[in-house]
Amino acid sequence: MISVIVPTYKEPEVLDLCLKSAIEGQKYNNQIIVVVDGFYDLNKEVLEKYKDYIYILNLEENVGLNRATNLGVYNASYDKILIVNDDNLFPQEWDVKLLDIYQENSVIAPNQIEPIPSMFRQFHIKDLGRDPNTFDLEQFWTYEKSLSVLPNEKTGSTLPIFMSKKDYLKVGGWDETYPGAWVVDWDFFLKCELSGMDMIRSYNCHFYHFVSIGTESTFEEKVNKQTKEQQCHEYFRYK
């Protein structure tokens with residue numbers, strides 16, 4: 001069994017499709033923890049829709065992705081954890097496929113399908129939809145099954161991640177001292193690698209990633225994002 005941690009902010013339409021794919025795509029009755037990082041009322045309808053299949057961790061206020069992810073992991077009932085952002089979609093039988101390749105002392109990154117070219121050469125590029133309103137989940141599931149299953153590579157270090165809760169806690173999880181959520185994944189992967197974990201990329205299942213679909217509607221929010229992202233890069237270099 002797997003504990004899935006899905007931090008969410010204020011994109012209920014994305015969360016809806018993410019949870020639908022996770023629940024309908026699983027074979028086992030896994031623990032799916034939705035960490036609501038503020039804006040509960042905005043997400044309430046979706047959370048009510050899936051309440052019989054998910055565990056809701058309502059933080060009541062916005063604490064940021066780093067702390068929200070850590071709190072989700074702390075509440076995981078199983079040692080095998082899967083951290084997935086809400087703008088990702090699960091393939092069919094994702095739990096069976098991940099359990100088949102689980103290894104202790106490793107961070108496993110199932111590969112991703114993205115609609116636009118990526119900086120990660122390993123990603124599979126195929127535009128199956130760029131927003132939840134036009135996305136065809138059945139088409140994605142059919143297409144994902146057709147992809148070749150290549151041997152695992154030691155080229156992990158991207159989300160989603162599948163690993164042991166014990167190993168996650170051993171390296172301290174997401175660093176909450178970062179001024180934002182950018183680059184903190186690099187920091188985490190570096191800690192895992194320095195602690196001797198294998199950074200594995202698996203091609204036995206692919207998650208679909210909409211790519212930066214999060215809310216940032218105002219000019220002030222966009223400017224703040226640029227500033228915070230720069231601060232995160234500077235902090236990473238300092239560390």
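One-based numbering along the sequence shown.
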Counting distance only, does the side-chain N/O of Trp141 pair as donor-acceptor with the main-chain N or O of Phe90 below 3.5 Å?
yes
Give the ring-plane orientation class for Phe135 versus Phe210, where under 30° counts as parallel, over 60° as perpendicular and anything between as tilted.
perpendicular
Is a side-chain donor or acceptor of Asn66 paired with a backbone partner of Gly180 at a separation under 3.5 angstrom?
yes
Is there a donor-acceptor pair closer than 3.5 Å between any side-chain N or O of Gln31 and the backbone N or O of Ser77?
yes
Quick one about Glu176 and Asn70 (side-chain donor to acceptor, distance below 3.5 Å, no hydrogens or angles considered), yes or no?
yes
Applying side chain to side chain donor-acceptor pair (under 3.5 Å) to Thr177 and Tyr235, what does each step give before you reach the verdict?
CA-CA 9 Å; Thr177 63; Tyr235 188 49; 2.8 Å; yes
Would a distance-only check, ignoring hydrogens and angles, find a side-chain to backbone donor-acceptor pair under 3.5 Å from Lys20 to Tyr50?
no
Among Tyr143, Phe207, Tyr203, Phe140, the one residue meeting ring-ring contact (aromatic ring centres under 6.0 Å, His included) with His124
Tyr143
Checking Asn30 side chain against Ile2 main chain: does a donor-acceptor pair fall under 3.5 Å?
yes
Determine yes or no for a side-chain-to-main-chain donor-acceptor pair under 3.5 angstrom, with Asn43 supplying the side chain and Tyr9 the backbone.
yes
Between Phe188 and Tyr168 (judged by ring centroids, cut-off 6.0 Å), do the two rings come close enough to count as a pair?
yes
Consider only side-chain N and O atoms of Gln230 and Glu234, and report whether a donor and an acceptor are under 3.5 Å apart.
yes
Would you call Lys170 and Asn105 a side-chain contact if the rule is heavy atoms closer than 4.5 Å?
yes
